[in-house]
Amino acid sequence: MKTIQGIGASAGFAVGPVFLYTDALPSIEPKRVDSVEAELVRLRAALERVGEKLEALETETAAKVGKAEAEVFAAHRLFLVDPSFTGEIEKSIHEHNIQAEAAVQGVALKLRETFEAMQDDYFRARAADIMDVGGQVIRELMGISARGLEQITSPVIVLADELVPSATARMDASLVLGLVTSRGGKSGHAAILARSLGIPAIVGAGPEILKIDPGASIIIDGGAGTILLEADPQIQQEYLQRKKQQQARLSHALTNAAQPAVTLDGVRVEVAGNIGSMAEAGRVVEFGGEGVGLLRTEFLFLDRLIAPSEEEQFQTYAGISDKLGNRPLIIRTLDVGGDKPLPYLPVSSEDNPFLGNRGVRLCLGRPDLFKIQLRAILRAAHGREIRIMFPMVTTVGEVRAARALIAEARDEIVAAGGQAGTPQVGIMVEVPAAALTSDLLAAEVDFFSIGTNDLTQYTLAVDRTNPSVQNIADHFHPSVLRLIRLTIQQAHERGVWVGLCGELAGDPLATPLLLGMGLDEFSMSSASIPFVKGVIRRWSREEAAALVDSALGQEDAQAVVAFLQQQKKPESENS
Ligand code: PEP
Ligand code: MG
């Protein structure tokens, strides 16, 4: 048996035959042409046809999945008129007297190299986009088609170099047992798609996977990031068994998922979902989520060349709330920064983008853009259970400035004859300074939501994107847990409710501890909701509270985990 190690992007097991998705193009040798003019005519015609196809894909995706998901195709269409792409292609045809296909290939490869050298997930995604669009133009010029994912007719594990939106748009996800890509990172399109559909996935597995025999049966473990080849039937059976157990645990948990999470001593805790797209809202409800505790609005802003309009944002926020059947929806305002610069929101290059101009800091510096989002949220909040949350807050002054912009946005809506809601206003507590001054911040807001992903990064001084320090980045470190306890205590003393929407909320091992600290709301990816609800039902708040001092007195994260493992309670029939 052989194994290939990649990056686990979506947990779960899959065993099945391989479908090798290849959008590989024949290698194109530049040849001299007689007429440059004729090549330019061919190129323009191909660009036009690709534009039409992308427009059709956009319409189809908007109808089938959602407007925000369709937006990527609009961004791809913009490449077709972008001088740094098409202008360069025309220049290359002129300068080198070569056929259009070779010019497209040359420019696309060069742009890909530039993007990939930037070593940043956002730019890596642009690299895939440019190859996606370039490939489509070349295919159009050559009159060939790719082995599209729409040709999948029976259950398979899809292997691909990279899975780009135009490739997955027509895929029947119910036939995809698993996804493996040789390139890409955890926040790439394939990884996000897999997690939102609940499909096991591995990314960054390297070019070796493309040599796997297309007829072979393989095993993937999406949690561990491992691909097993040539496994004997006994091992295949073992993994099928594991998959069955996982499904059985999930369906057991799902039978009670819709029931509220009430502790043995009658305390009701809210369990909500984290989402980053319109499509995921349905899954939150399906998995028993009582609302959305974190809508990452970045999905509306990334992958496009111009900012989304107020109307588009309003439609999306209102649409998600309606899909939730008016369960509470917390909309987090835009959280981007130097690590994910947007073409319409340039940030000067920073040595330490995570310590730089990101989140609410960036938005306060661009009130014009920020108020568009605030107006869209306020309008959507009229008659809906919508709340606003600001990310990366460090000081009281930032909250006051952001609230002043909410007031201005409201006045503007009213002046234009519109109607605005009066949503609760909260902040993410994800910077140690905010946790330490949570008594002061509590006076300014209705709620807190603790972001343990960033709180861990900033408390332990570990860059969350740097693989070489990920062993230190543990949200169970007593320092992080002490900041969480402090925040909850100080908020409760001032009548402010507290949620937690970092990864820690979805880890059932942490549930008794957070329950014991008095957390009011847990928000996590949909798949974890039934399990966390189950744990809450097995504890009383009093029993859980008795654990807190001992857990926070442990010397390091490993000791906290070992302590919590000992406290685990077995699953019961009705939890
Ligand atoms: C967090 O930091 O914990 C959080 C939920 O926000 P994000 O992961 O989007 O930074
Ligand atoms: Mg964060």
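Just follow the structure's listing: the first ligand is 1, and inside any ligand the first atom is 1.
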Engineer: Do any heavy atoms of E503 fall under 4.0 Å from ligand 1?
Structural biologist: no
Engineer: Just by distance, no angles: are the side chains of S523 and N274 close enough, under 3.5 Å, to form a donor-acceptor pair?
Structural biologist: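 There is such a pair (donor and acceptor under 3.5 Å, judged by atom type) between the side chains of S523 and N274.
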Engineer: How is the N/O/S atom of E430 that comes nearest to the Mg ion (ligand 2) named?
Structural biologist: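 For E430, the N, O or S atom at the smallest distance from the Mg ion (ligand 2) is OE1.
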Engineer: Could you find the nearest protein heavy atom to atom 3 (O) of ligand 1 and give me its residue, atom name and distance?
Structural biologist: N453 N, 2.7 Å
Engineer: Does a side-chain heavy-atom distance below 4.5 Å link I406 with F370?
Structural biologist: no
Engineer: Taking the side chain as every heavy atom from C-beta outward, state whether T511 and F531 have any atom pair closer than 4.5 Å.
Structural biologist: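 With C-beta onward as the side chain, the pair stays apart.
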Engineer: Consider ligand 1: state whether an atom of it lies below 4.0 angstrom from any non-hydrogen atom of R332.
Structural biologist: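 Right, R332 reaches ligand 1.
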Engineer: When you compare the side chains of Q457 and D454, does any donor N or O come within less than 3.5 Å of an acceptor on the partner?
Structural biologist: yes
Engineer: What protein heavy atom sits nearest atom 9 (O) of ligand 1, and how far off is it?
Structural biologist: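 Looking at atom 9 (O) of ligand 1, the protein heavy atom closest to it is R296 NE, 2.7 Å.
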Engineer: Give the atom name of whichever N/O/S atom in D454 sits closest to the Mg ion (ligand 2).
Structural biologist: OD2
Engineer: As an exercise, identify every atom of ligand 1 less than 4.0 angstrom from a heavy atom of M428.
Structural biologist: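 Every atom of ligand 1 under 4.0 Å from some heavy atom of M428: 4 (C), 5 (C), 6 (O).
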Engineer: Taking side chain as C-beta onward, heavy atoms only, is R366 less than 4.5 Å from L345?
Structural biologist: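 Touching, per the 4.5 Å side-chain cut-off.
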Engineer: Does D335 bring an N, O or S atom to within less than 2.8 Å of the Mg ion (ligand 2)?
Structural biologist: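 No - counting backbone and side chain alike, D335 has no N, O or S atom under 2.8 Å.
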Engineer: Which atoms of ligand 1 have any heavy atom of C501 under 4.0 Å away?
Structural biologist: 5 (C)
Engineer: Would you mind checking if E398 and R403 are paired as a salt bridge, meaning a charged N to carboxylate O distance below 4.0 Å?
Structural biologist: no
Engineer: For the residue pair I227 and V180, what are the closest heavy atoms and their distance?
Structural biologist: CD1-CG1, 3.6 Å
Engineer: Heavy-atom distances under 4.0 Å are what count here, so tell me which part of T452 touches ligand 1: side chain, backbone, both or neither.
Structural biologist: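 It is the backbone that touches ligand 1; the side chain stays farther off.
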Engineer: Looking only at non-hydrogen atoms, find the nearest pair between G337 and R358 and report the distance.
Structural biologist: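 Reported closest heavy-atom pair: CA-CB, 3.7 Å.
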Engineer: So which bit of M392 gets within less than 4.0 Å of ligand 1, heavy atoms only: side chain, backbone, both or neither?
Structural biologist: neither
Engineer: If the cut-off is 4.0 Å to any non-hydrogen atom of L294, which atoms of ligand 1 fall inside it?
Structural biologist: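 The list of qualifying atoms is 5 (C).
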